[in-house]
Amino acid sequence: MTNFKLTYSTMFDPPEELHRHFDAAVTAVRGSLGAEHPMWIDGEDVRSAGQFSVHGPIDRRVVLGRFQAGDATHASAATGAAARAFPAWAATPWRERVALLRRVAALIERRVYEFGAVLALEVGKNRMEALGEAQETADLVAYACDRMEANDGFVHAMARDPVAGYASENTSVMKPWGPWLVIAPFNFPLALAGGPVGAALVAGNTVVLKPATATPWSARLLALALRDAGVPPGVFNLVTGSGASVGEPLIRDPDVAGATFTGSHEVGMHLVRSFAQRRWPRPCIAEMGGKNAAIVSRHANLGDAVTGITRSAFGLTGQKCSACSRVYVERSRFADLVSALHQAAARVATGDPTRREHWMGPLIDGAAVARYEDAVAQVHALGGDGAIVHGGERLDHGDLAHGHYVAPTIARAPLDHPLWSSELFAPFLLVAPVETIDEGIARANASDYGLTAGFYGDADETERFFETIEAGVAYANRPQGATTGAWPGHQPFGGWKGSGSTGKAAGSLYYLAQYLREQSQTRVRRL
């Protein structure tokens with residue numbers, strides 16, 4: 001595979017060798033199902049008095065592993081270890097930190113099939129989505145190293161003061177904040193842990209990682225990669241457990257200097273407010289979901305639009321914060337687009353995502369299924385004012401009965417219905433006609449979220465879309481994904497409005513600086 005570079009844009013026609021390696025990794029990983037996994041605190045494996053079992057979404061009868069039910073004492077131990085390790089790590093020359101983190105990235109890439117197999121079992125991703133996330137994690141860590149090098153360690157000479165008889169040198173120096181908390185979500189438990197962890201560490205911060213309770217296995221593999229690369233004790237720490245028992249104590253801990261969170265708007269805003277209301281404000285990088293729209297002009301290439309919308313609406317079973325959940329199409333193309341989307345959805349093969357023939361896997365848990373079924377019921381309750389164009393059912397036949405499987409769904413509802421504004425995190429796509437693309441853009445913008453958006457149309461319309469859309473990530477005429485598929489160094493990923501707290505995007509030129517604070521230094525000597 002020397003000529004094949006896996007990204008979310010190249011994942012649709014991989015070499016046969018990739019499939020062979022993945023299948024072998026799944027077989028190997030399944031041999032370790034049910035094992036107990038410790039936390040990682042101050043350079044040591046740590047076990048708690050109680051454990052919790054994680055059942056995979058593919059087949060709820062299968063126990064993936066047993067993990068530690070950490071509590072406030074473990075949270076305190078982790079932040080204490082990070083605080084003690086911080087002075088030496090911050091004082092480590094930045095080039096040495098870069099070299100170490102590059103070893104981490106290389107180890108993740110070397111273990112990409114093991115990581116991918118675990119992600120497929122743990123999250124329910126198909127093989128290409130799972131391998132893509134593993135590779136993206138390595139690339140996110142490497143990109144943070146690239147940005148540290150490109151900015152020469154963030155030490156820059158400033159203008160000299162013109163004072164006769166004195167030499168006055170001014171320097172801008174960016175310095176790390178201290179122990180940094182990373183709270184990762186279930187849907188990208190590796191990339192949205194490894195990316196912030198890599199950025200925080202290369203900047204000189206120490207880290208405490210708290211993964212989602214549904215997906216702690218990949219976090220443990222990340223901890224092993226950091227350990228094996230030689231990250232010193234206390235510089236990186238992993239704690240597992242519930243939000244109440246571990247997450248809240250970490251948020252309240254005065255040793256925590258800053259945080260990166262990815263998850264719901266409600267929890268993200270809780271963190272932002274908590275970090276702003278302490279003795280002094282602390283930085284909080286919060287990515288908080290989306291209700292992402294695609295707009296289709298009468299001038300659009302319909303094939304590209306259907307392909308991109310289908311991939312973004314139903315990839316990872318709609319459980320991406322960037323998933324396409326709304327489509328506004330000019331009325332003259334509405335019937336054609338809906339018909340083509342219906343046909344595309346009918347071709348989506350759903351089932352065990354570790355099997356090559358299945359493109360869509362399960363939802364993460366029963367609560368996600370309940371949200372999906374409630375949305376379907378709301379459409380049915382509309383009578384003639386709404387319609388299920390495709391799907392709208394739980395898939396519970398045969399082996400699927402043991403997992404959280406649902407059908408990819410396309411629906412119609414009045415434009416003022418709450419389904420157009422609520423984030424479902426499910427394979428549920430609403431479609432509606434509009435009179436003009438300007439109306440479509442206005443409706444796309446009429447949301448508290450502003451994460452991603454897509455457009456299909458001609459060149460002039462595309463420029464109008466980019467000028468007026470209120471989203472941190474915008475794509476035009478992209479068959480690889482209408483609203484999804486960002487890659488570090490290619491498409492920076494971050495949200496506006498209720499989708500993000502900083503206006504900076506992961507995998508971008510400006511992301512790494514958020515993990516640093518500026519000090520202005522002036523040195524004066526007599527001539």
Side-chain angles (χ1 to χ4, degrees), residues 289-296 300 302 305-331 333-350 359-364 367-396 404-435 439-440 443-444 446-449 451-454 456 481-484:
K291 188 66 178 177
N292 312 294
I295 301 113
V296 182
L302 207 62
V306 169
T307 300
I309 291 168
T310 301
R311 288 173 174 170
S312 290
F314 306 132
L316 186 51
T317 322
Q319 297 173 116
K320 298 180 182 181
C321 51
S322 58
C324 183
S325 58
R326 300 182 286 156
V327 176
Y328 303 105
V329 55
E330 283 198 281
R331 189 175 296 278
R333 304 299 300 278
F334 181 72
D336 290 341
L337 182 76
V338 170
S339 175
L341 284 173
H342 170 73
Q343 295 173 45
R347 293 191 295 269
V348 172
T350 303
W359 186 75
M360 198 174 91
L363 289 169
I364 190 66
V369 174
R371 283 197 308 273
Y372 169 88
E373 292 180 325
D374 178 68
V376 171
Q378 289 186 55
V379 174
H380 286 313
L382 291 169
D385 293 331
I388 297 293
V389 176
H390 179 86
E393 59 184 333
R394 176 83 180 268
L395 301 180
D396 55 5
H404 299 299
Y405 296 93
V406 299
T409 298
I410 303 167
R412 295 189 60 185
L415 285 165
D416 60 354
H417 194 279
L419 284 173
W420 286 94
S421 58
S422 58
E423 186 181 27
L424 297 175
F425 243 53
F428 191 94
L429 179 68
L430 286 170
V431 293
V434 292
E435 301 307 320
E439 180 191 349
R443 291 191 178 279
S447 170
D448 288 340
Y449 293 111
L451 185 53
T452 69
Y456 296 89
T483 62
T484 57

Side-chain ([X]) to main-chain ([Y]) donor-acceptor, under 3.5 angstrom:
X	Y	result
Ser447	Tyr449	yes
Trp359	Arg311	no
Lys291	Glu423	no
Ser312	Cys324	no
Thr317	Gly361	yes
Thr484	Ser322	no

For [X] against [Y], the heavy-atom pair lying closest together:
X	Y	value
Val406	Leu395	O-CD1, 3.5 Å
Ala300	Arg333	O-NH1, 3.4 Å
Ala482	Ala294	CB-CB, 4.3 Å
Ala345	His390	CB-CD2, 3.5 Å
Ile388	Ala411	CD1-CB, 4.0 Å
Thr350	Tyr405	CG2-CD2, 4.0 Å

Any side-chain heavy atom of [X] within less than 4.5 Å of one from [Y]?
X	Y	value
Val431	Ile309	no
Pro433	Arg412	yes
Val389	Leu341	no
Phe314	Ile410	yes
Val379	Phe428	yes
Pro427	Leu363	yes
Tyr372	Leu424	no
Leu451	Cys321	yes

Please report the interatomic distance CG(Leu415) to CZ(Arg326), rounded to the nearest 0.5 Å.
10.0 Å

Roughly how far, to the nearest 0.5 Å, is the CD atom of Glu373 from the CD atom of Gln378?
12.5 Å

Among Leu430, Val338, Val296, which residue meets the side-chain contact (heavy atoms from CB on, under 4.5 Å) test with Val327?
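Answer to the side-chain contact (heavy atoms from CB on, under 4.5 Å) test with Val327 among Leu430, Val338, Val296: Val296.
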
Taking only residues two or more places apart in sequence, or in another chain, which ones meet Thr310 in a side-chain hydrogen bond (donor to acceptor under 3.5 Å, both in side chains)?
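Thr310 satisfies side-chain hydrogen bond (donor to acceptor under 3.5 Å, both in side chains) with no residue once adjacent residues are dropped.
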
Contacts of type side chain to side chain contact (heavy atoms under 4.5 Å, CB included), residue Val434, not counting sequence neighbours
Tyr328, Glu439, Arg443

Only counting residues at least two apart or in another chain, list the ones meeting side chain to side chain contact (heavy atoms under 4.5 Å, CB included) with Asp448.
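Applying side chain to side chain contact (heavy atoms under 4.5 Å, CB included) to Asp448 gives none.
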
